Amino acid sequence: MWKRIQLIILIGCLIASCAKHKDYEEPVFKTSYSLESEIIASGDSLMTRYVYGLYVDNQYAYILALSEDYWLQVRDKETGALICRGVHSGQGPGEVIFGYQLRYNAVDDALEIFDKHQYKVVSYKMNTASKSLDLIRENYFTDYDGVVRNAYHLSENQWLVEGQLSTKESGRYLLWDGKDVTAEYSQHITETDDYLKDMLIEVTSKVSISPKGDRLAIGTVYGGILELFSIGSDIKRVGRGIFYEPKVDLVDGNMRPRDDTVFGFADIEATNDEVYAVLMGTTDPNKYDVICTFGWNAQGKIRYQADCQVFKLANIPVVDGILYAISISEDDFNLVKMKLPSS
């Protein structure tokens, strides 16, 4: 009888071990191309120490970077000439202290900036007649006792919140209608036995929402795990790629890479049709010269080898067959464009 019990316990342990085991496989891409970059605006003209976001439309390139007390600079997307600056640095109406993320918001047909210091979202629209930026709306998330790491305006009465609005919630992502939480997604991107490690891998991941606000893409910086979601009345995972194991150590509550840590997604941008990413895929954390595209099933599509270090892709990366990005060279950031080969 005791031997039988031991056998049952052993089988249970083996099943649990297999359930936790993951087969990490590098992504496979059907097609590969090389890309040549052309500098539109150099680091000297951008005059900034760091770039947090980029958006390009049919006329202008909008760069989220603190420069001369303004967070947003608008440039001609062909010549790089400065058109205007906007979004003043400060705590007043429409002002931003820490512009953490820039995205196109189809609800307002405007640009949306999340202020990570003031926990608010401001939306601005380019006034082509006056060549200035007009404030459309701002929404605060300071009246809640949870931790809001980011917020995205999806539709007139729906927000996606990364984090928690109150201490009652435990979800990674929430759908909020302005009054109540209508849906949550709580499953961790990694499934280790260490909650702190899982959380740190998640909060350092790259995140992007599609322009229509109905798709969510998440890619880990440490290791390479890609999670893709559809957003409607709930948050549903539709694709997952586990490419590189996130091998990290925790030292005094902080996450540290190891010598054998493979770095994954340096940047990620979701479009309505596919996902663009800067994928490192190496133990070198400063290798940003590979751009990849994935379908919404997390399957690889195209791999581009760039001739520059791509620090940040545009929020909608491709406009009229041209890919726009921020490159980095030594300590300088450059606005660049790369013509994509016709398929």
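Quick note: residue numbers are just sequence positions, from 1. Model, not experiment: these values are computed from the prediction.
Residues H153 and D108 are in side-chain contact: their nearest non-hydrogen atoms beyond the backbone lie under 4.5 Å apart. Proximity of I63 to F333: side-chain heavy atoms (C-beta onward) are nowhere separated by under 4.5 Å.
Residue L46 comes nearest to A41 through the heavy atom pair CD2-CB, 4.0 Å, listed as atom of the first residue, atom of the second, then distance.
The aromatic rings of Y100 and F98 lie perpendicular to each other, with more than 60° between the two planes, well past the 30° mark.
For the salt bridge (Lys or Arg N to Asp or Glu O under 4.0 Å) with E269, the qualifying choice from K312, K206, R103, R215 is K312, the only one to do so.
Separation of atoms CG (N272) and OG (S210) is listed at 5.0 Å; rounding is to 0.5 Å. Rounded to the nearest 0.5 Å, atoms CZ (R256) and OH (Y222) are 10.0 Å apart. The distance from the CD1 atom of I209 to the OG1 atom of T271 is 13.0 Å, given to the nearest 0.5 Å. Summarising the geometry, atom CD1 belonging to I291 is positioned 7.0 Å from atom SG belonging to C308; distances are rounded to the nearest 0.5 Å. A distance of 4.5 Å separates CD1 in I326 from CG in L54, rounded to the nearest 0.5 Å. Separation of atoms CD (Q299) and CH2 (W296) is listed at 14.5 Å; rounding is to 0.5 Å.
For the pair R172 and E227, the salt-bridge criterion is met [side-chain N within less than 4.0 Å of a carboxylate O]. A salt bridge does not link K236 to D234: none of the charged nitrogens lies less than 4.0 Å from a carboxylate oxygen.
Taken together through direct or relayed side-chain contacts under 4.5 Å among Ile, Leu, Val, Met, Phe, Trp and Tyr, F141 and V147 form parts of separate hydrophobic clusters.
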**Prompt:** Hey, mind stepping through T190 and D198 against side-chain hydrogen bond (donor to acceptor under 3.5 Å, both in side chains) and telling me if it holds?
**Reply:** CA-CA 6 Å; T190 52; D198 288 337; 2.7 Å; yes

